[in-house]
Amino acid sequence: MPYDPSSSESRWQQAWSDAGSFTATRDSRPKYYVLEMFPYPSGRIHMGHVRNYTMGDVVARFKRAQGFSVLHPMGWDAFGMPAENAAMEQGGHPRDWTYANIATMREQLKPLGLSIDWSREFATCDDAYVHQQQAMFLDMLEAGLITRKSAQVNWDPVDMTVLANEQVIDGKGWRSGATVERRELTQWFFRISDYSDELLSALDGLTGWPDKVRLMQANWIGKSRGLQFRFQTVDAPEGFEAIEVYTTRPDTLMGASFVALSPDHPLVRDLAAADPKVAAFVEDCRKIGTTEEAIETAPKLGFDTGLTVKHPLDEGWQLPIWIANFVLMDYGTGAIFGSPAHDERDHEFATKYGLPIRATFGERGMSLEQADALVAKVPYVPLKSEIVTYVRGFSGQAEQTGEAAVDAAIAHAEAHGYGEGVTKFRLRDWGISRQRYWGCPIPVLHCEKCGTVPEAKENLPVLLPQDVTFDVPGNPLDRHPTWRQAVCPSCGGAALRETDTMDTFVDSSWYYARFTSPHAATPTDRADADYWMNVDQYIGGIEHAILHLLYSRFFARAMVKTGHLPESAKEPFDALFTQGMVTHEIYMTRDERGRPVYHLPEDVYRLHLKGNEVAVLKREGFDDLSDEEAIEYAEAFAGEIEIIPSAKMSKSKKNVVDPVNIVQSFGADTARWFMLSDSPPERDVEWTAVGAIGANRFLARVWHLASLDIQEAEDPDLTRAAHRAIADVTKAIEGFAFNKAVAKIYELANAVGKSKAGGEARRAVLRIMAQLMGPMVPHLAEDVWAMAGGQGLLVDAPWPKADPALLEDDTVVLPIQINGKRRAEISVAKDMPKDQIEAMVLADETVRRFLEGAAPKKLIVVPGRIVNVVA
RNA sequence: GGGCCCAUACCCCAAUUGGUAGAGGGAGAGGUCUUAAACACCUUUCAGUCCGGGUUCGAGUCCCGGUGGGCCUACCA
């Protein structure tokens, strides 16, 4: 009977389902919660999902076998713009599109044989989830965690909607092509910035997270210590007698050459109202979008207001006030002083507009002239920890580090009363208002009498109306005939509903908590949350390293504050693993006009031909060719396709392989095995057709090995190999080194293949192999388990234990190095004392020949490892 | 511009964390089986660890300086 995953895989999946093997239960076992980032229901699963969920499944099945009560759920991040875009493009309703996609993807996911508790499945667009999220919103509003304030947004005047930064391309709306405006809108915010310090300092405790992610979060939160102070203005309009600035380099105050204001600074607005030239300049600045590329390529623009300020340390010294496009209103105070000698941007600006460049410090030991010469062409920006010489210092030592100088300057300002030391954060409040239909409605009302009023909890959920259309731009909620009309819960009068919906990051900020009691009539059930939280292992892509994880950390704290999570769950993810991408080669030809045309891997015949990598298009009739004919064919068309090195799978480059096809032709276990082989999980893995065939071939070989009928014989070496494998595979899985675990299983399979062991001795080893393979290729493992006489289902078998007595050999081979080069080796008992080894080494013929009778200068014996003789 | 990661055989990757560079897979070559092929099995080729210094009895591993690739982030004052 050959290996036939198509029949056996669904059979085992049915068996697990019938046995309820993966239903998570609260019981006496220790708990383990493993979670992979839930998918967006885009329509089809892709290889990235397969990799992500396979890794999680390995952990889940491994922990389950080790005796943990495992929670391993799955759900859908179901709100968001693609559903609305689909409705606009193809008609239909976002809800129908979303739920149809979920149904499709669920059916694609299930054949992978993941050990998921499907009874806990939910989508964030489910009425129940919307309900509980709204209930929490009200709790958080009451607890002071939410605020409403005015903020700038990217506004598309044609589509009449707010755009996210990534939807603004070259200053134009991605859909309409209209020039994007910046607009002020009143929006809802989570007060995450109140938690800046807490979210930053708590990173130290996240020892189960990659350093990289912690660092990225720290940079994002962006704590800085600096000086905030005021410049007295000269002849400025009323109300602007002083300009507040913030700097992290107050030590460069004597190098100040100008003050620069953001185009959005209140003083600039005041000036623009009176002076059309200022207004025109501000308008120019606005045209440059807020995108990264736009900012990167934008030239520094400045406008001299003609106004001046007095230098705080020298009343007679006046600095000009400029408006500069590179000054941001939402960081610091929206105003800076320019210190061109020690800042790249300021230097570029000063050079362009002919403003003075005066050094405040130079390299250690430099004179004032030398320092000024140093900064004339390029700014001097050493690390703050470096010692420099202050040539225009005003506080602290002449020779000191930047850090010390900053501290001294702050102290000086505070002592003389012209400024104070301030800690600032880059992290801003989290704006969650979206002028969109397909999201969770914000449950508040606007009442003429009472103002903004929270909806009463008993009126929840506030559900989206179904009778909407997407044929006109704008938010369908705004133009719905009746949906907005509601009763004010405070005064009983007429009120209008808020039509903004919540950012979808809100949905994904607490789904992990909802999984602990997905059907509860409250956001969480505290007994369940107390039992299951935290997530012991979270797995997902690095692209979520900042926003999703930071928002979730904040949200968990907010849930603790509102009583929905225990205090111990304020850091919800104990351990985080960020997996690499799945990549594939890109196959490209060009059309008659030289434009690139990409081809799907399934349409390409790929082989090594006389040392060259060749890819050719499969034309009609290709599938009927014999191997020789196919090679001839490839030779005939060689070079027609350019092979571009592997890159992340993307539809536009057509370098995608559909997991559904792979599962159909090879089985889920092959896809899973491939994903775990070779590449370390944190690194990218390249999908190749030959690799998939290779993985499948190995699984067939294991099947074959298990089905052989071998005459009874003992083989203690094989038993040893099996126990060695238990120890190695266990360690590898625990360390997320699945590629190493795979290699150890290959080794064991090779040993089984070579061994003459038969009967129960062989079956025992096969059962161990099945157990070790279980987390990775669970279906084949069940087959092997059954063939080798395993009792019951393999998923219910406890993880095997290695017998320590079988792990170590009694004798070890010690290599002998002479002057660092390996020259000989001796075989000694494992626990032989050092002096005996030394005696043996000195007696060794090769060693004696090298030493030529002399005593060695040094003899280093590392027990169990190596001996080095220094002659 | 800033930060992080990576570089070992033709390719993907191991190397007990400073102790014999090769565990494993793929590809290539040859063979057994076969009418032939597939499957299976056997045999085999291929590096001294990107480059240059340093520390050490000993460096793929640690340190310094380059080169090449990748990821993230960015007018943050």
Side-chain angles (χ1 to χ4, degrees), chain A residues 2-3 210-213 215-216 218-220 222 224 226 245-250 252 260 292 295-296 298 300 324-328 330-339 342-346 348-349 381 424-428 542-543 545-546 578 580-581 583 607-608 610-611 613 626-627 645-648 673-674 677-680 682-686 688 690-691 693-695 697-698 700-701 704-705 728 731 737 739-747 749-750 753-754 813-825 856-860 862 864-871:
Chain A
Y3 175 51
D211 289 346
K212 180 185 177 166
V213 174
L215 185 75
M216 283 164 72
N219 289 341
W220 188 260
S224 70
V245 299
Y246 172 72
T247 178
T248 55
R249 293 309 297 259
T252 66
E292 283 174 27
I295 288 166
E296 194 176 352
K300 304 258 179 297
N325 65 342
F326 66 91
V327 181
L328 306 177
D330 44 14
Y331 186 78
T333 62
I336 61 156
F337 74 82
S339 180
H342 307 293
D343 183 282
E344 307 258 356
R345 293 156 305 172
D346 295 351
E348 188 186 333
F349 192 80
V381 193
K424 286 213 185 283
F425 294 91
R426 203 186 83 108
L427 182 65
R428 284 169 248 153
I542 188 74
E543 66 273 18
I546 296 178
T578 55
M581 298 180 302
T583 67
L607 77 166
H608 298 259
K610 296 172 188 143
E613 301 290 325
S626 72
D627 278 17
S646 217
K648 181 179 182 173
W673 188 251
F674 185 102
S677 308
D678 292 356
S679 290
E682 67 276 12
R683 240 186 272 179
D684 291 351
V685 63
E686 180 180 38
T688 61
V690 282
I693 293 167
R697 195 182 300 152
F698 174 71
R701 196 172 133 227
H704 174 74
L705 287 175
D728 290 344
K731 197 179 161 209
N739 55 324
K740 289 189 224 171
V742 164
K744 294 298 174 191
I745 288 169
Y746 269 105
E747 219 171 323
N750 290 344
K754 283 202 174 75
V813 175
L814 280 188
I816 300 174
Q817 291 185 334
I818 298 168
N819 292 331
K821 288 231 181 339
R822 183 176 176 278
R823 300 291 184 189
E825 60 182 37
K857 284 204 191 99
K858 216 169 180 183
L859 187 58
I860 295 142
V862 184
R865 295 240 193 282
I866 203 165
V867 178
N868 195 4
V869 183
V870 185

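So that the names make sense, note that chain A is the first sequence line, chain B the second, and so on, each numbered from 1.
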Checklist entry - How would you list, by chain and number, every residue that makes a side-chain hydrogen bond (donor to acceptor under 3.5 Å, both in side chains) with Lys212(A), sequence neighbours excluded? => result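 So Lys212(A) forms no side-chain hydrogen bond (donor to acceptor under 3.5 Å, both in side chains) with any residue.
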Base, sugar-phosphate, or nothing: which does [X] touch, judged by heavy atoms less than 4.0 Å apart?
X	answer
Asn750(A)	sugar-phosphate
Ile546(A)	sugar-phosphate
Thr247(A)	sugar-phosphate

Using the [atom1] atom in both, what is the distance from [N] to [M], to the nearest Å?
N	M	atom1	answer
U8(B)	A59(B)	C1'	14 Å
A23(B)	U34(B)	P	34 Å
U45(B)	G58(B)	P	32 Å
A15(B)	A9(B)	C1'	15 Å
U43(B)	A7(B)	C1'	32 Å
C33(B)	U16(B)	C1'	41 Å
C11(B)	G28(B)	C1'	11 Å
C13(B)	U55(B)	C1'	29 Å

Checklist entry - When syn is taken as a glycosidic angle within 90 degrees of 0, is G48(B) syn or anti? => result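 Syn conformation for G48(B).
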Checklist entry - Syn or anti: how is U16(B) classified when any glycosidic angle within 90° of 0 counts as syn? => result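 What U16(B) shows is an anti base, its glycosidic angle lying more than 90° from 0.
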Review item, nucleotides 57-63 of chain B N/O atoms under 3.5 Å of protein N/O:
unit_1	atom_1	unit_2	atom_2	d
C57(B)	O2'	Asn868(A)	ND2	3.2
C57(B)	O2	Asn868(A)	ND2	2.4

Distance check: side-chain N/O of [X] vs OP1/OP2 of [N], anything under 4.0 Å?
X	N	value
Ser679(A)	C12(B)	no
Lys740(A)	A15(B)	yes
Asn219(A)	G2(B)	no
Arg426(A)	U73(B)	no

Whole angstroms only, please: what is the [atom1]-[atom2] distance between [X] and [N]?
X	N	atom1	atom2	value
Lys212(A)	C6(B)	NZ	P	10 Å
Lys648(A)	C72(B)	NZ	C1'	13 Å
Glu682(A)	C72(B)	CD	C1'	16 Å
Asp211(A)	C5(B)	CG	P	8 Å
Arg683(A)	C13(B)	CZ	C1'	8 Å
Ile866(A)	A15(B)	CD1	P	18 Å
Lys857(A)	U56(B)	NZ	P	15 Å
Phe698(A)	A23(B)	CZ	C1'	14 Å

Does the structure show a Watson-Crick or G-U wobble partner for [N], both distances under 3.5 Å? Name it, or say none.
N	result
C50(B)	G66(B)
G19(B)	C57(B)
C71(B)	G3(B)
C76(B)	none
C41(B)	G31(B)

Checklist entry - Quick one: does Arg865(A) reach the base of U20(B) with a side-chain donor-acceptor pair under 3.5 Å? => result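 For Arg865(A), whose side chain was compared with the base of U20(B), there is no donor-acceptor pair (under 3.5 Å).
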Counting side-chain heavy atoms from C-beta on, which of [options] comes nearest to [X]?
X	options	answer
His704(A)	A40(B), C76(B), C13(B)	A40(B)
Ile336(A)	C13(B), A23(B), A77(B)	A77(B)
Leu328(A)	C75(B), G3(B), A40(B)	C75(B)

Would you say [X] and [Y] make side-chain contact, with heavy atoms under 4.5 Å?
X	Y	value
Ile336(A)	Val245(A)	no
Ser224(A)	Tyr246(A)	yes
Ile816(A)	Val869(A)	yes

Checklist outcome for this item: Closest non-hydrogen atoms of Leu705(A) and Gly753(A), given as atom of the first, atom of the second and distance, are CD2-CA, 3.7 Å
Check side chain to side chain contact (heavy atoms under 4.5 Å, CB included) between [X] and all other residues, then give those that pass, not counting sequence neighbours.
X	value
Ile546(A)	Met216(A), Trp220(A)
Ala695(A)	Thr670(A), Trp673(A), Phe674(A)
Thr578(A)	Pro210(A), Val213(A), Ile542(A), Leu576(A)
Val862(A)	Ile860(A), Arg865(A), Ile866(A)

Item to check | For Arg701(A), salt bridge (charged side-chain N to carboxylate O under 4.0 Å, His left out) partners two or more places apart | outcome: none
Next on the checklist: Restricting to salt bridge (charged side-chain N to carboxylate O under 4.0 Å, His left out), what partner residues turn up for Glu747(A), sequence neighbours left out?
Outcome noted: Lys744(A)
Checklist entry - When the nearest nucleotide of RNA chain B is assigned to Asp684(A) and to Glu747(A) on a heavy-atom basis, which residue is associated with the more 5' position? => result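 Result: Asp684(A).
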Item to check | Residue whose closest nucleotide on RNA chain B lies nearer the 5' end, Pro680(A) versus Phe337(A) | outcome: Pro680(A)
Checklist entry - In Å, rounded to the nearest 0.5 Å, how long is the span from NZ of Lys648(A) to CE of Met581(A)? => result 6.0 Å
Checklist entry - What distance separates Lys424(A) NZ from Thr247(A) OG1, expressed to the nearest 0.5 Å? => result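 Those atoms lie 11.5 Å apart.
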Pairs under 3.5 Å (N/O, protein and nucleotides 26-33 of chain B):
none

